[in-house]
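Being a predicted model, the structure only gives us computed values, none of them experimental.
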Amino acid sequence: MGKLRVLMYHKVHQTHADFLTVKAADLQWQLDHLSKHYTFVKLSQVLEHIQSAAPLPDNALLVTFDDGYADNYTLAYPAFKKRALPFAVFLVAAYVGKTTMHDGLEQTFLSTQQMDNMSDLAEFAYHSLNHENLMQLDSSKWSTHIQDCKLAFNSTSLLNAWAFTYGQYPKRNKTAYALLTEVFKANQIIAAFRIGNRINQTPINDPFQIERIDIRGNDSKLLFKLKTRFGKLI
């Protein structure tokens, strides 16, 4: 039995760090540290592992970014490019190519041209239509929401994976969770990613509850090392 670590990033900035934002210099240090201890894999490799039991390295690591901010191209991509490391970005359909209000701030998101420019290393998947919390939608609307999200990317090649907005999924409602998995399967979604901050065992038992470790820009280097090595600490 192996292990799959999945890291969740959001934004990168030259000088500012906060809950969702990692400094560009810190990202470069983190990538150097990770590449010494783990084997970077692509999102497509994880999906192939789920579908056909294709093996993953024992110390596999997948790096993901949520929301699709433009800085994923201007600041993150050069750091990955320098080290020839793959990563994945989960996109909000309505945000692509836009400067719009999100989390109370006007923010700029990846354009299709930027996505194309970084596609040698970056893979892309789904993160909702308008950053809705899927759990705040009536379950009867789940399928339509996923279909609309996929249709919005009709001209773009995205992988059939989904990242839950706000990490929310029907954790304590087995009936709702069973329904959601059937909706995902009916819409060809192969895997869904939550937060959880734990390390996944491989082979992956439940592809719709893949856990990610939340990387915060205000974490110390020691805490980063501990989180990525051990997962949830408390």
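Between Trp162 and His145, the angle of the ring planes goes over 60°, which puts this pair in the perpendicular group of the 30/60° scheme. Between His13 and His16, the ring planes are perpendicular. Angles over 60° get that label, and only those under 30° would be called parallel. Between Tyr95 and Phe109, the ring-plane angle classifies as tilted under the 30° and 60° cut-offs.
Around the CZ atom of Arg229, the shell of radius 6.0 Å holds no more than 12 heavy atoms that belong to other residues, nucleotides or ligands. Residue-environment remark: NZ (Lys150) exceeds the threshold of 12 foreign heavy atoms within 6.0 Å. Other residues, nucleotides and ligands contribute at most 12 non-hydrogen atoms within 6.0 Å of the CG atom of Asn205.
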Practice problem: Any chance you could lay out the side-chain contact (heavy atoms from CB on, under 4.5 Å) test for Tyr126 and Val92, step after step, and finish with the verdict? | Solution: CA-CA 7 Å; Tyr126 302 98; Val92 178; over 6 Å; no

Quiz item: Please walk me through it: do Phe65 and Phe90 pass side-chain contact (heavy atoms from CB on, under 4.5 Å)?
Solution: CA-CA 6 Å; Phe65 287 79; Phe90 289 100; over 6 Å; no

Exercise. Could you check Ile146 against Thr144 for side-chain contact (heavy atoms from CB on, under 4.5 Å), going step by step and ending with a plain yes or no?
Key: CA-CA 5 Å; Ile146 294 168; Thr144 300; over 6 Å; no

Quiz item: So Lys23 and Leu27, side-chain contact (heavy atoms from CB on, under 4.5 Å) or not? Walk me through it.
Solution: CA-CA 6 Å; Lys23 287 182 183 178; Leu27 175 64; over 6 Å; no

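Side-chain rings of Phe164 and His127 stay apart, their centers remaining 6.0 Å or farther from each other.
Met118 and Val89 make their closest contact through CE-CG2, 4.5 Å (heavy atoms, listed as atom of the first residue, atom of the second, distance).
Ion pairing between Asp32 and Lys82 fails under the 4.0 Å rule for side-chain N and carboxylate O. Between Asp219 and Lys227 there is a salt bridge, since at least one side-chain N of the basic residue sits less than 4.0 Å from a carboxylate O of the acidic one. Electrostatic pairing of Asp214 and Arg216 counts as a salt bridge here, judged by a charged N lying under 4.0 Å from a carboxylate O.
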